[in-house]
Structure formats: C-alpha cells, structure tokens
Number of protein chains: 2
Amino acid sequence: MKDNNEMPGHLARRFQQIAVAVFLAEVEDAGFDLTPVQYAALATIKANPGLDQVTLAGLIAYDRTTITGVIDRLVQKGLAERRPSSRDRRARELEITDEGRRTLRKITPAVESAQRIMLRGLSAKEGEELMRLLRKAIAAGNELSRAPLREAQL
Amino acid sequence: MKDNNEMPGHLARRFQQIAVAVFLAEVEDAGFDLTPVQYAALATIKANPGLDQVTLAGLIAYDRTTITGVIDRLVQKGLAERRPSSRDRRARELEITDEGRRTLRKITPAVESAQRIMLRGLSAKEGEELMRLLRKAIAAGNELSRAPLREAQL
DNA sequence: TACTGATAGTCAGCATACTGAGCAATATCC
DNA sequence: GGATATTGCTCAGTATGCTGACTATCAGTA
C-alpha cells in the first residue's frame, strides 16, 4: 500500500481538519461562536441580500440539504432572517440582521488570522502557489461532487 | 470581505469535498461500499496487525472518539476484528480478516484511480508540488487539531 | 500497598455532508 | 389549459469529526 503522504485524498482530509481547528480556535479566542461553514454562509448572505437558499448553497458549494441546518443555526443565533419569497412561494429569502453585520465586522480579524495560521509552515510564495494549485484542482473537479460551485443567476 | 478563493480554509474544504466524492464514486464503480476513512483504517490495521485503537487513530490522525464508530462499521462488515488485549485490559487489539484482506486487494485500483482523478486538473509536476505543499503545511499545523498524527510506539 | 495521575475506550450531544424520498409550487410543452 | 417536468425546500437516515464526561485500568510514587 502507498504511504498516506502520497495520497492527495488523505492530505486533503488532514489539511481541512487543521483548517477547521485553527478557525474555531481563533474565532473562540475573539469571543465568538461561529463555525467556518456558518461564517461563509453569513458573509455570502450579507454580500447578496435577499438571495434564496439554493443560490446561497451554490455560491459556497454546500449541499442543499446541509444549508437548511446551517441557516437554522444562524437564525437561531439571531444573525440572519429567513422569510418567504414574494416572487416564488417555494423559496425563502435570506437577510443578514444588524447583529449579524456586527458579528461579521468584529470577527474578521480572527478569520484572517486563521487563514495565516493554517499556512504558517509555508513562505508567502508557497502559500500563494498552494492556493493556486488548489483552485486549479477544484475547478477541474467542480462537477464531481453533489454540491458544485454555481454562479449567481442574474 | 475577501473572495472565498483567497481563503485557504475554503479551498481546503472544497478540495476535500471533491476528494471524498471521487473516492466514493470510484469505489462504488468497483462494486464496493467503503468510505475513505474506513479504507485508511483498514489499510493501517493490515500494515500493523494487533495494534490498539489509540495507536490506529494516531497513525491516521483520527480522533479517538471517531475511530470507535469507524471500527464498529468495519467489524460489522466483517472486514476487521476487535478483541481484548492480553497485555492491557483497557485496550482492544485490531486485526484484519481474510475478507478484509480480499477487499483491500480488490479495491486498490479504484483507490489509486480516485487519487489520479482528484488531481486531473493538474500536470504531474503540479500534482507533486501540491502534495509537497500540503505535507509541509500539515506538518506545521499537526499539533493544532485535537487528532494530530502520531508515530507508532515501539 | 494505598494514592495519584495518566491512559484506553465509550457515550451523549452537536455540526457538517451526503443519499434518497417527498411535498408544494413553478415552468414548460402539447 | 392541462399534463408533465423541474425546482425549492425539508426530512429521515448514515457517516465523519469534534467537545466533554465517564468508567476501567494501568503506572508511578509515597
């Protein structure tokens, strides 16, 4: 059997594991209780006010069945609102609350710090190269997962 | 807010998401039902007969509370055995079964194919470089997660 | 040997992720 | 305009992954 360190799948899992741990630690140090997933969802809601759940899921490549629970928790924490769409009665429009906006603003330094920490073993140039290669591999594999990235509809 | 594509944490999540989807698809095409996590555990049990659960967890960087369920499922599928250790009555010794050995052997092509597919957007040289950078970042962050990689005790 | 601390494993609880099914509403096609 | 297909969302079930707590056992020491 190949060494685990030769398996991109194993390395992907490990890097993601560390990335999540670093994110949670930094955010908790800053006095907040928000997961990476919840953060990405909230930031995307703020950037696209009134979007529906499927669009949100596409913008951050979450499964539509996962996004339901994530939004539940954002709403429960008072950071976002979910209300029926006027144009399509199947859909829910999402909005960030003032509290959500405040949280996003205050949490940003911790989030950026986390991104630096998870690359701390690499030089700036290596970090850039890692991100470039990940972006390239992800772009080629986008359609292979059930939850591919999707552009917003206009 | 920064673009998601500038966040290593987001890229880590996406790459891992695709890696798991590719693995599961290849393995299912080959006629098997084994997750990436179960595969890594089974392969490590085979390579280290009689090891205990904590050692196994350390070798593949799983949390000790996660490994319990993973082994439950391997045992339930008849691929591994869990029996009390003779030297330490707290510990369980793990062994691969003949069926587990057969499964590992037959599944290997699918696993290797999956590793290639998840890098299909990259040249061979780029794939190597991505793995090198991931290994380096992971090594620097190993202690930051609750389930760091651990060498086997002798 | 009795006490203390560490270790192996499990469990309950929570948060992603996914499969597959189902409901309600909208879009499309004849 | 009515049948059909598609879409938005939710739910049940399964599998990681983690926190924190607990039991049983072991190791070291006074």
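Fair warning: this is a prediction, and the values are worked out from it, not measured in the lab. Values reported hereafter were calculated over all heavy atoms of this structure, with side chains retained and with hydrogens, waters and symmetry mates removed. Chain naming here is simple, since letters A, B, ... match the order of the sequence lines and numbering starts at 1 in each.
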What heavy-atom pair brings P8(A) and M131(B) nearest, and what distance separates the two atoms?
-> CD-SD, 3.7 Å
Tell me whether the OP1 or OP2 atom of dA15(C) has a side-chain N or O from T35(A) closer than 4.0 Å.
-> no
How far apart are the closest heavy atoms of F32(B) and K106(B), and which atoms are they?
-> CZ-CB, 3.5 Å
Measure the shortest side-chain to side-chain distance between L130(A) and L130(B) over non-hydrogen atoms and say whether it is less than 4.5 angstrom.
-> yes
Do the charged groups of E126(A) and R120(A) touch, with an N to O distance under 4.0 Å?
-> no
Interatomic distance where OH belongs to Y39(A) and C1' belongs to dA15(C) [whole Å] = 19 Å
For the residue pair G121(B) and K136(A), what are the closest heavy atoms and their distance?
-> O-CE, 3.4 Å
Please list, chain by chain and in numerical order, all residues satisfying side-chain contact (heavy atoms from CB on, under 4.5 Å) with I96(B), sequence neighbours excluded.
-> L42(B), I45(B), K46(B), R101(B), L104(B)
For A147(B), answer base if it contacts any base atom (sugar-phosphate contacts may also be present), sugar-phosphate if it contacts only those atoms, and nothing otherwise; contact means non-hydrogen atoms under 4.0 Å.
-> sugar-phosphate
Please report, rounded to the nearest Å, how far the P atom of dC18(D) is from the CG atom of L24(A).
-> 10 Å
Between N or O atoms, less than 3.5 Å apart, protein on one side and nucleotides 3-8 of chain D on the other: list the pairs.
residue : atom : partner : partner atom : Å
dT7(D)  : O2   : R90(A)  : NH1          : 2.4

Would you say a side-chain N or O of R82(A) is under 4.0 Å from OP1 or OP2 of dT10(D)?
-> yes
How close or far is atom P of dT16(C) from atom CZ of R14(B), stated in whole angstroms?
-> 17 Å
Whole angstrom is fine here: how far is it from CZ in F23(B) over to C1' in dC18(C)?
-> 16 Å
Round to a whole Å and report the spacing from CG of L74(B) to C1' of dA15(D).
-> 12 Å
Send over the distance from D63(B) CG to dC14(C) P, rounded to a whole Å.
-> 18 Å
May I ask you to say whether E128(A) pairs ionically with K125(A), meaning some side-chain N is under 4.0 Å from a carboxylate O?
-> no
OP1, OP2 of dC26(D) versus side-chain N and O of R89(B): anything below 4.0 Å?
-> yes
Using a cut-off of less than 4.0 Å, is there contact between a side-chain N or O of R13(B) and OP1 or OP2 of dT16(C)?
-> no
Looking at every strand, decide which applies to V70(B) at a 4.0 Å heavy-atom threshold: base, sugar-phosphate, or nothing.
-> sugar-phosphate
Contact class for Q16(A) (heavy atom, under 4.0 Å): base, sugar-phosphate, or nothing?
-> sugar-phosphate
Between CZ of R87(B) and P of dG9(C) the distance, given in whole Å, is 11 Å
Have a look at T65(A) and say if it touches a base, only the backbone sugar-phosphate, or nothing, with a 4.0 Å heavy-atom cut-off.
-> base
On DNA chain D, more 5' by nearest nucleotide between R146(A) and Y62(B) is R146(A)
Between dA15(D) atom P and I67(B) atom CD1, what is the distance in whole Å?
-> 15 Å
Does a nitrogen or oxygen in the side chain of Q17(B) sit under 4.0 Å from OP1 or OP2 of dT16(C)?
-> no
Lys/Arg N to Asp/Glu carboxylate O, R135(B) vs E6(A), below 4.0 Å | yes
